[in-house]
K.L.:
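Just dropping this structure here.
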Amino acid sequence: QAKALGAANTTHYDPAKELSTRERNQERRHMAKGLHNNEFRLYYQPQVNLKTHQVIGVEALIRWQHPERGLLPPIEFLPLIEGSELEFHLGEWVIEAALKQLVTWQADGISLPISVNISPQHLLHPGFMSQLKALLAAYPAVLPHLLSLEILESATLDDMQTALEVLKECRQLHIDVALDDFGTGYSSLAYFRQLPVQLIKVDRDFVRDMLESKDDRAIVESIVFMARKFSRPVLAEGVETMAHAQALVELGCFLAQGYGIARPMPADQFPGWLANWQAEHR
Ligand code: C2E
Ligand code: MG
Ligand code: MG
Ligand code: MG
């Protein structure tokens, strides 16, 4: 399994690779139609501080409510549009949906940041910054610091110079950037230092196995140590059990998200979940 530090994450099932060009184009047309018909949804997964029990934000995760195939996870459709203009447009839909959600929650008295996942190709697209600025301008009621972006290490390595410029511009807009799935790409300390990122997310594969595997525990520990040295907060994803949470707290990693805390949920379930969580941890 390619999950060691420095190994590319290439073992994941990739439906796009099994399709012919014709089938792929057909699938893309279905997706474009799905976008037009408003079939995509954002689910939200809470992020919490394990020590204070404060809810620090939510991650937006896309789903496709397919008319025939049901609710599809991103692995079923995102690989098909990698690097295409449709990816750029779906990415725009995601950011806009998150901004609309922020407006709704703000009206309900909920003021928590939403982080959206941005694909490497979307981040490095020449139109990305103007798209982002136009969206922010269209939702002036939203405080920009309530929107944050999650990007993969690989995005910054593909074109370091462009990535750096984009991330710096995001900083100027007060948009936080998190480095997602940290530890699965070709991370290099020297260049990590240059990246203006405000949060490190430990990949869920390391967290999942950290109780059984000494190596994975050592990787999590090293990432937490490094994040602290660079004064960056660190969040563990894939926290499935209390035992995971406890082990993370012992290592000094207090920010977490995972099924053990809450599964990704539709937006309308979140206020109820939040009220429950706050009542339980008062
Ligand atoms: P990610 O950003 O690393 O998101 C975390 C994934 O782990 C999500 O899968 C989430 O549902 C899952 N997860 C959370 N807690 C647990 C846990 O305790 N155990 C396990 N086994 N899994 C957990 P999901 O929603 O299927 O998303 C997969 C990936 O698809 C995401 O990984 C992200 O890279 C990508 N993605 C999701 N939504 C979007 C989007 O709107 N745009 C883009 N470009 N990519 C997205
Ligand atoms: Mg993410
Ligand atoms: Mg992740
Ligand atoms: Mg991941």
Side-chain angles (χ1 to χ4, degrees), residues 3 9 12-16 31 34-35 39-48 50 57-65 71-84 86-99 101 113-125 128 131-132 135 147-155 176-185 187 197-211 220 223 234-245 247-248 255-267:
K3 64 168 179 175
N9 219 353
H12 283 167
Y13 165 69
D14 184 355
M31 277 185 72
L35 182 59
E39 290 167 6
F40 290 92
R41 307 276 179 269
L42 289 184
Y43 273 47
Y44 295 90
Q45 187 177 39
Q47 305 173 319
V48 304
L50 295 169
V58 296
E59 177 177 8
L61 295 156
I62 197 168
R63 305 286 180 261
W64 184 5
Q65 187 62 61
L71 192 68
L72 302 179
I75 185 70
E76 298 274 344
F77 56 88
L78 286 187
L80 291 162
I81 57 167
E82 221 168 83
S84 70
L86 182 54
E87 182 178 53
F88 186 73
H89 294 304
L90 188 64
E92 176 172 45
W93 178 86
V94 169
I95 299 171
E96 181 160 25
L99 289 168
Q101 193 58 60
I114 296 180
S115 56
V116 299
N117 292 279
I118 304 293
S119 78
Q121 293 87 348
H122 187 190
L123 183 84
L124 298 173
H125 191 289
F128 176 71
Q131 181 189 63
L132 184 59
L135 285 167
L147 182 72
S148 42
L149 310 180
E150 295 194 5
I151 60 162
L152 301 171
E153 257 177 301
S154 60
D176 279 353
V177 176
L179 215 46
D180 207 352
D181 295 1
F182 194 77
T184 59
S187 24
V197 295
Q198 285 69 52
L199 180 73
I200 309 296
K201 294 190 78 175
V202 185
D203 190 57
R204 69 180 193 217
D205 286 359
F206 302 123
V207 177
R208 184 192 58 214
D209 297 336
M210 69 182 283
L211 300 179
V220 175
I223 295 173
V234 58
L235 181 146
E237 57 178 29
V239 177
E240 297 192 350
T241 66
M242 275 307 296
H244 288 98
L248 287 161
L255 308 183
Q257 75 184 91
Y259 295 169
I261 297 153
R263 291 195 172 245
M265 63 189 92

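Since the structure is predicted, the reported quantities are computational estimates derived from the model, not experimental observations. Numbering of ligands and ligand atoms starts at 1, following listing order.
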K.L.:
Which N, O or S atom name in E59 marks its closest approach to the Mg ion (ligand 2)?
P.N.:
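For E59, the N, O or S atom at the smallest distance from the Mg ion (ligand 2) is OE2.
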
K.L.:
Looking only at N/O atoms, are I62 and ligand 1 under 3.5 Å apart anywhere?
P.N.:
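Among all N and O atoms of I62, at least one is under 3.5 Å from an N or O of ligand 1.
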
K.L.:
Classify the ring geometry between F40 and W64 as parallel (under 30°), tilted (30 to 60°) or perpendicular (over 60°).
P.N.:
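Plane angle under 30°, so parallel.
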
K.L.:
If the contact criterion is a heavy-atom separation under 4.0 Å, does V116 count as touching ligand 1?
P.N.:
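Judged by the 4.0 Å heavy-atom criterion, V116 does not count as contacting ligand 1.
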
K.L.:
Numbering the atoms of ligand 1 from 1, which are under 4.0 Å from a heavy atom of S119?
P.N.:
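Result: 44 (N).
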
K.L.:
Side chains of W93 and L42: does their closest heavy-atom pair fall under 4.5 Å?
P.N.:
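SC-SC contact between W93 and L42 confirmed.
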
K.L.:
Quick one: does Q47's side chain get under 4.5 Å of L255's, heavy atoms only?
P.N.:
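A side-chain contact under 4.5 Å is absent here.
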
K.L.:
Could you confirm whether D181 has any N/O/S atom lying under 2.8 Å from the Mg ion (ligand 3)?
P.N.:
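Here the distance criterion (N, O or S atom, under 2.8 Å) is met by D181, so yes.
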
K.L.:
A side-chain contact here means heavy atoms from C-beta on lying under 4.5 Å apart; do I95 and I118 qualify?
P.N.:
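Side-chain contact under 4.5 Å: yes.
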
K.L.:
Closer than 4.0 Å to some heavy atom of G258 - which atoms of ligand 1 meet that?
P.N.:
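Near G258, meaning under 4.0 Å from one of its heavy atoms, ligand 1 has 15 (N), 18 (O).
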
K.L.:
Could an N or O of ligand 1 be found under 3.5 Å from any N or O of E240, whether backbone or side chain?
P.N.:
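In this structure, E240 places an N or O atom under 3.5 Å from an N or O of ligand 1.
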
K.L.:
Q257 and side chain to side chain donor-acceptor pair (under 3.5 Å): which single residue from E237, R204, K201 fits?
P.N.:
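When E237, R204, K201 are each tested with Q257, the side chain to side chain donor-acceptor pair (under 3.5 Å) holds only for K201.
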
K.L.:
Under 4.0 Å from a heavy atom of D181: which atoms of ligand 1 are those, numbered in the order shown and with their elements?
P.N.:
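Those atoms are 3 (O).
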
K.L.:
Out of all atoms in ligand 1, which are within 4.0 Å of some heavy atom of V94? Include the element for each.
P.N.:
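By the 4.0 Å cutoff, the relevant atoms are 41 (O).
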
K.L.:
Just to the nearest 10 degrees, tell me the angle at the Mg ion (ligand 3) spanned by D180 OD1 and E237 OE1.
P.N.:
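Angle OD1(D180)-the Mg ion (ligand 3)-OE1(E237): 100°, rounded to 10°.
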
K.L.:
Would you say that Q121 contacts F88 through its side chain, given a criterion of any heavy-atom pair below 4.5 Å between the two side chains?
P.N.:
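SC-SC contact between Q121 and F88 ruled out.
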
K.L.:
Which option, Q257, R204, E237, Q45, owns the non-hydrogen atom nearest atom 8 (C) of ligand 1?
P.N.:
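Minimum heavy-atom distance to atom 8 (C) of ligand 1 goes to R204.
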
K.L.:
Could you tell me whether D203 approaches ligand 1 through its side chain, its backbone, both or neither, with non-hydrogen atoms closer than 4.0 Å?
P.N.:
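Contact part for D203 vs ligand 1: neither.
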
K.L.:
How wide is the angle at the Mg ion (ligand 2) spanned by E150 OE1 and N117 OD1, rounded to 10 degrees?
P.N.:
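The OE1/OD1 angle about the Mg ion (ligand 2) sits at 100°.
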
K.L.:
Is Q45 close to Y43 at the side-chain level, that is, under 4.5 Å between some pair of heavy atoms?
P.N.:
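A side-chain contact under 4.5 Å is absent here.
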
K.L.:
Counting heavy atoms only, name the option from G238, P74, P120, G260 that's nearest to atom 24 (P) of ligand 1.
P.N.:
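It is P74 whose heavy atom sits nearest to atom 24 (P) of ligand 1.
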
K.L.:
Is E87 close enough to touch ligand 1? Criterion: a residue heavy atom under 4.0 Å from a ligand atom.
P.N.:
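Not so, E87 does not reach ligand 1.
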
K.L.:
Is the shortest side-chain heavy-atom distance between L179 and E153 below 4.5 Å?
P.N.:
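Yes; the side chains approach each other to less than 4.5 Å.
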
K.L.:
For Q131 and H122, test the side chains for any donor-to-acceptor distance below 3.5 angstrom and give the result as yes or no.
P.N.:
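H122 and Q131 do have a side-chain donor-acceptor pair below 3.5 Å.
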
K.L.:
Could you tell me, atom by atom, which parts of ligand 1 come under 4.0 Å of a heavy atom of P264?
P.N.:
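With P264 as reference, the close atoms of ligand 1 come out as 11 (O).
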
K.L.:
Considering the heavy atoms of R63, write down every atom of ligand 1 situated less than 4.0 Å from one of them.
P.N.:
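The atoms of ligand 1 under 4.0 Å from a heavy atom of R63 are 11 (O), 24 (P), 25 (O).
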
K.L.:
A side-chain contact here means heavy atoms from C-beta on lying under 4.5 Å apart; do P120 and E82 qualify?
P.N.:
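A side-chain contact under 4.5 Å is absent here.
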
K.L.:
Does any part of the side chain of D205, heavy atoms only, come nearer than 4.5 Å to the side chain of T184, both counted from C-beta?
P.N.:
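T184 vs D205: side chains apart.
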
